[in-house]
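Accompanying notes for the structure given below.
Chain identifiers are assigned alphabetically (A, B, ...) following the order of the sequence lines, protein sequences preceding nucleic acid strands; residue numbering begins at 1 within each chain.
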2 protein chains.
Amino acid sequence: MSYEPDWNVLTATCPSRTSLTRIANKWTAMIVIVLGKGRTRFRDLRTSVEGISGKVLTETLRDLERDGLVSRHVFAEVPPRVEYELTDLGRTLHTPLSAIGQWAEAHIAEVLEARERYDCQR
Amino acid sequence: MSYEPDWNVLTATCPSRTSLTRIANKWTAMIVIVLGKGRTRFRDLRTSVEGISGKVLTETLRDLERDGLVSRHVFAEVPPRVEYELTDLGRTLHTPLSAIGQWAEAHIAEVLEARERYDCQR
DNA sequence: CTGAATCCAGTACGATACTG
DNA sequence: CAGTATCGTACTGGATTCAG
């Protein structure tokens, strides 16, 4: 009922394409996967998502907040503490995105074999 | 049974991270979504995935082929005809990736509202 | 600790021209 | 038609520094 067939991610100018661009992204995927475990502070996200820089983490979280997928909770403390959490909308995205992460982990052996086959062959 | 908990996309050096990087990508998502409908020639992919350049389409298809997700079928004709198709492995990825595409289409209204709220508020 | 602001290298991507 | 090659540009993303 809420599905609107007018939206089509394959159409260059469709707004849903901009949304796809944001969520079909490795950083978004990993952040949402971590946030799926519960409310998390900035620092812990930084260490959980290995290799992400502070800049990219901040920017990605801002974008996710703007799109209504993540909520930001600031505590008036010293040192400051900021926690991030999936919104209801964000939670609906958690399942599909963690499916992607699990696919990567479950099928990496086959992918590595395929790469070796491809690379040798030339 | 086939799930290997040693693999973890959150670990920077884990091979599964490289696989995630490839598949958690807008072009990959759209190409796999189109290929899910069946074997497709290069030109038709080019027009189905609106806005993709020939260069990026070629490069992405090569990478997908290398990872064993897509197979390439060349016909010795003039003018040349090349068709692409999901492999068995690629087909296992089609469901999660089209779920992402459908999420983008199904929830774009909420996302747009959230953006408006966020942007006005500052 | 959070995260804004700079600076800069590397990459992604598009446009164009050209080949078989 | 299906590429390849080249080029220029815009964006991604890391490192560093600084402020609250």
>> As a quick check of understanding, evaluate side chain to side chain contact (heavy atoms under 4.5 Å, CB included) for B:Arg62 and B:Glu59, giving each step before the final call.
In response: CA-CA 5 Å; B:Arg62 285 282 174 286; B:Glu59 288 169 351; 5.7 Å; no

> Who passes salt bridge (charged side-chain N to carboxylate O under 4.0 Å, His left out) against B:Glu113, sequence neighbours left out?
Replying inline: none

>> Taking side-chain contact (heavy atoms from CB on, under 4.5 Å) as the criterion, tell me which of B:Thr87, B:Leu64, B:Val70 meets it with B:Leu35.
In response: B:Val70

> Where the side chain of A:Val56 is concerned, which of D:dC1, D:dG13, D:dG20 is the nearest nucleotide?
Replying inline: D:dG13

>> Please tell me whether A:Leu69 and A:Val74 are part of a single hydrophobic cluster in this structure, the criterion being side-chain heavy atoms less than 4.5 Å apart.
In response: yes

>> Any side-chain N or O of A:Arg41 below 4.0 angstrom from OP1/OP2 of C:dT2?
In response: yes

> Does any donor atom in the side chain of B:His73 or B:Ser71 lie under 3.5 Å from an acceptor atom in the other side chain?
Replying inline: yes

>> Once side chain to side chain donor-acceptor pair (under 3.5 Å) is applied, do any residues pair with A:Arg115, and if so which ones, sequence neighbours excluded?
In response: B:Thr18, B:Asp67

>> Whether the side chain of A:Arg91 engages the backbone of A:Leu86 through a donor-acceptor N/O pair (distance < 3.5 Å, no angle test) should be reported.
In response: yes

>> Output one letter per nucleotide in nucleotides 3-8 of chain C: B when a protein non-hydrogen atom lies under 4.0 Å from the base, S when only the sugar-phosphate is that close, - when neither is.
In response: SS-BB-

> How sharply is the helix from C:dC1-D:dG20 to C:dG20-D:dC1 bent, taking the axes over five pairs at either end and rounding to 10 degrees?
Replying inline: 40°

>> Both A:Pro79 and A:Gly51 contact DNA chain D. Which one's nearest nucleotide lies toward the 5' end?
In response: A:Gly51

> B:Arg43 side chain N/O closer than 4.0 Å to the phosphate oxygens (OP1, OP2) of D:dC1?
Replying inline: yes

>> Assess, by modelled atom type and distance only, whether the side chains of A:Arg22 and A:Thr28 contain a donor and an acceptor separated by less than 3.5 Å.
In response: yes

>> Between A:Thr95 (side chain only) and A:Leu93 (backbone N and O only), is there a donor and an acceptor less than 3.5 Å apart?
In response: no

> Nearest-Å distance, CG (A:Leu45) to P (C:dT2)?
Replying inline: 9 Å

Listed pairs under 3.5 Å, donor-acceptor, residues 49-58 of chain B side chains, sequence neighbours left out:
{"unit_1": "B:Glu50", "atom_1": "OE1", "unit_2": "A:Ala12", "atom_2": "N", "d": "2.9"}
{"unit_1": "B:Ser53", "atom_1": "OG", "unit_2": "B:Val56", "atom_2": "N", "d": "3.3"}
{"unit_1": "B:Thr58", "atom_1": "OG1", "unit_2": "B:Gly54", "atom_2": "O", "d": "2.9"}

> So if you build clusters from Ile, Leu, Val, Met, Phe, Trp, Tyr with side-chain heavy-atom gaps below 4.5 Å, do A:Phe42 and A:Ile33 land together?
Replying inline: no

>> Short of 4.0 Å, heavy atom to strand atom, which residues of residues 21-36 of chain A count as contacting DNA chain D?
In response: A:Lys26, A:Trp27

>> Output the rounded distance in Å from CZ (A:Arg46) to P (D:dG14).
In response: 9 Å

> What's the CG-P distance between B:Leu57 and D:dA2, to the nearest Å?
Replying inline: 10 Å

> C:dG14 C1' sits how many Å from B:Glu59 CD, rounded?
Replying inline: 11 Å

